[in-house]
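Position 1 is the first residue of the sequence, and the numbers go up from there. Here the structure is a predicted model, which is why all the values come from computation and not from measurement. Computation of the quantities below employed the complete heavy-atom set of this structure, encompassing side-chain atoms and omitting hydrogens, waters and symmetry-equivalent molecules.
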Amino acid sequence: MSETAINSTTEPTVASFSLERGLQAWREEIDAPTAAFFSSCVHCGLCAQACPFFVETGDPKYTPIHKLEPLRRLWEREFTLWGKLKTRLGFSQPIDDALLEEWEPLLYDSCSMCGRCSMVCPVGNDIQYMIRKTREGMVASGHAPEGLIAASVRAVNTGSPMGLQWKTLDVQIKHVETASGLTVPIDQAGADYLVLLSSMEIINFPEYLEAIAKIFDHAEVSWTLSQECFEATNAGVQIGSKDIAAVLVQRVVDAAVKLGVKNVISPECGHAYTGIRWEGPNVIGRAYPFKVFHIIEVLDQLRADGRLRTEGMETDRLSMHDPCNLARKSGVIEQQRHLMKLVAENFIDMKEHGKYQWCCGAGGGVSSNERAEELKMAAFRRKKAQIEEIRPDRLVTMCATCRTQLEEGLEEYTMDIPVVGLTEMIAEHLVEGEPS
């Protein structure tokens, strides 16, 4: 348990996280869907066969339903007649710090909250949603990974889980403007779109911002960055803290409202998209006065409106990794394939793709959890097997976390297959000097 805890203020604090706080957080999370979940689960094991962490290790402790055992015990003990009777007779299993310490790696290291288990559940239980609920109690009890705690503290204090500040992005902006000859708009009130980035894109894939500048200049899109909020990543969603998540969402809302934009664009980052689009209104308790889109949705709409003029085609054998948050959880599946048709003549889908694709293993905060590195690479073996089936020359994706995991995994398993971002690929094929 870390001495440095986190809360929703703007400064790191030492908070008295405790077992009782964790149990109380779970009591607040237990609702009718939770009761229905535990009452209807038939322990068929199908969720296990959908989980890359179980499939690639064969270890039964990585079965998705097993990861929820601490929350299930509390529900049984305090919310069921049978559980209350067992407790009174002394037959109920305890929930203590030892149990939570044992379960912490199961809830954070071996689950990317990809949702494949939820998709295959025969009784419709949303297992990844229950993982999210269970993490609320784990954080409150002080049982969360050091890496995720540190990322959450940095996100609260600086707005970025990697601790980036505007001056870092400003350097990238100047590089983009020098290389492209374009001006990157900053704090432009009344723009149609506020563009958010992820820290990983700023540090690992700075070409993404240049691609955005080129495409929006080409399509004559009104857009802006905000100096007050440029980061879309929500560490609160990853670690399982609604309070932290609300602080980070509210920053986006405040920046968008201040600039008076009509739309907010999430970057090529899967969980950032679901965090701001689906969880955001719930964690701050009200609807947004603007719409939220993933960058791929915006690009596909520009394509449909005839505002993307491209030339030339990629001739390599290309395939695609669908980010779980985008495809399985949000139904954004055909948009990226429409865009691929603009620029690729030799595209092949993996056997299981779209909502059925296998997770890369790095989402849900796993990539921020140094302790999970070995397990993360073990889970990647399922994606590796998919790639080996079709042997593409290059892979395309639209999530910075997935892209990093794909690159690291392919290197780990000595597979020489470059990975590229879809937005950058579209930018490379624009008809130069010809606005739409």
Side-chain angles (χ1 to χ4, degrees), residues 52-53 107-119 126-136 139 144-145 147-148 151-152 154-156 159-162 196-205 208 230-242 244-249 251-252 264-283 292-297 321-332 336 355 357-369 372 376 379 383 397-406 421:
F53 293 93
L107 283 158
Y108 288 102
D109 301 21
S110 68
C111 180
S112 60
M113 294 196 290
C114 76
R116 206 169 193 276
C117 53
S118 300
M119 185 178 69
D126 191 344
I127 301 170
Q128 69 89 26
Y129 175 62
M130 295 294 291
I131 294 284
R132 174 73 175 82
K133 281 175 167 284
T134 308
R135 286 187 180 185
E136 289 279 342
V139 174
L148 269 176
S152 299
R154 289 192 294 267
V156 169
S160 160
M162 294 176 70
L196 301 175
L197 304 169
S198 71
S199 293
M200 197 171 290
E201 286 166 333
I202 297 170
I203 296 299
N204 293 356
F205 310 115
Y208 171 78
F230 59 85
E231 170 69 68
T233 308
N234 195 312
V237 172
Q238 292 175 323
I239 200 170
S241 168
K242 286 186 291 191
I244 299 289
V247 169
L248 301 180
V249 169
R251 285 181 183 165
V252 175
V264 169
I265 299 178
S266 172
E268 287 197 351
C269 175
H271 107 271
Y273 172 67
T274 54
I276 187 66
R277 182 156 185 175
W278 306 124
E279 286 215 31
N282 290 326
V283 297
V292 177
F293 300 99
H294 189 275
I295 181 63
I296 295 303
E297 293 178 291
H321 168 72
D322 286 294
C324 305
N325 281 282
L326 198 61
R328 183 153 44 245
K329 293 185 181 179
S330 305
V332 180
Q336 50 266 39
K355 69 178 182 180
Q357 64 83 39
W358 284 92
C359 178
C360 67
V366 173
S367 62
S368 300
N369 179 5
K376 183 184 75 170
K383 179 55 63 181
T397 192
M398 59 254 24
C399 169
T401 298
C402 294
R403 184 175 171 182
T404 301
Q405 167 74 342
L406 289 165

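Summarising the geometry, atom OG1 belonging to T401 is positioned 10.5 Å from atom CG belonging to L406; distances are rounded to the nearest 0.5 Å. Here OG1 of T397 is found 8.5 Å from CG of L326. Values are rounded to the nearest 0.5 Å. Rounding to the nearest 0.5 Å places CE of M130 at 11.0 Å from CG of L107. How far CG of N369 is from CD of Q238: 10.5 Å, rounded to the nearest 0.5 Å. With rounding to the nearest 0.5 Å, the separation of CG in L148 from CD1 in I239 is 5.0 Å. Separating the CH2 atom in W278 from the NE2 atom in H271 is a distance of 15.5 Å, to the nearest 0.5 Å.
Comment: E231 does not engage R154 in a salt bridge, judged by the lack of any side-chain N to carboxylate O separation of less than 4.0 angstrom.
Exactly one of C111, P323, C114, C402 qualifies for a side chain to side chain contact (heavy atoms under 4.5 Å, CB included) with C359. That residue is C114. Looking at K329, E297, H294, E268 one by one, the single match for side-chain hydrogen bond (donor to acceptor under 3.5 Å, both in side chains) with Y273 turns out to be E297. Residue D322 forms a side-chain hydrogen bond (donor to acceptor under 3.5 Å, both in side chains) with just one option from K355, Q357, Q336, and that option is Q336.
Although no hydrogens or angles enter the test, the distance criterion places no donor-acceptor pair under 3.5 Å between the side chain of S241 and the main chain of G236. With S160 contributing its side chain and M162 its backbone, the two residues share a donor-acceptor pair below 3.5 Å.
Shown here for S199 and T233, the closest heavy-atom pair between the two residues is N-OG1, 4.2 Å. Contact detail for A372 and V366: the closest heavy-atom pair is CB-CG1, 4.0 Å. Summarising the geometry of S198 relative to C269, their closest heavy-atom pair is CB-CB, 4.2 Å, with the distance given to 0.1 Å. Listed here is the closest heavy atom pair of R135 and G364: NH1-O, 2.7 Å. Considering all non-hydrogen atoms of both residues, V249 and G275 come closest at CG2-O, 4.3 Å. Taking both residues in full, the closest heavy atoms of A400 and F205 are given as O-CE1, 3.7 Å, listed atom of the first, atom of the second, then distance.
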Can you check side-chain contact (heavy atoms from CB on, under 4.5 Å) on S266 and R277, steps first, answer last? CA-CA 9 Å; S266 172; R277 182 156 185 175; over 6 Å; no
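Among residues two or more places apart in sequence or in another chain, the salt bridge (Lys or Arg N to Asp or Glu O under 4.0 Å) test is passed with R132 by E136, E279. Residues meeting the side chain to side chain contact (heavy atoms under 4.5 Å, CB included) test with S118, sequence neighbours left out: D126, I127, Q128.
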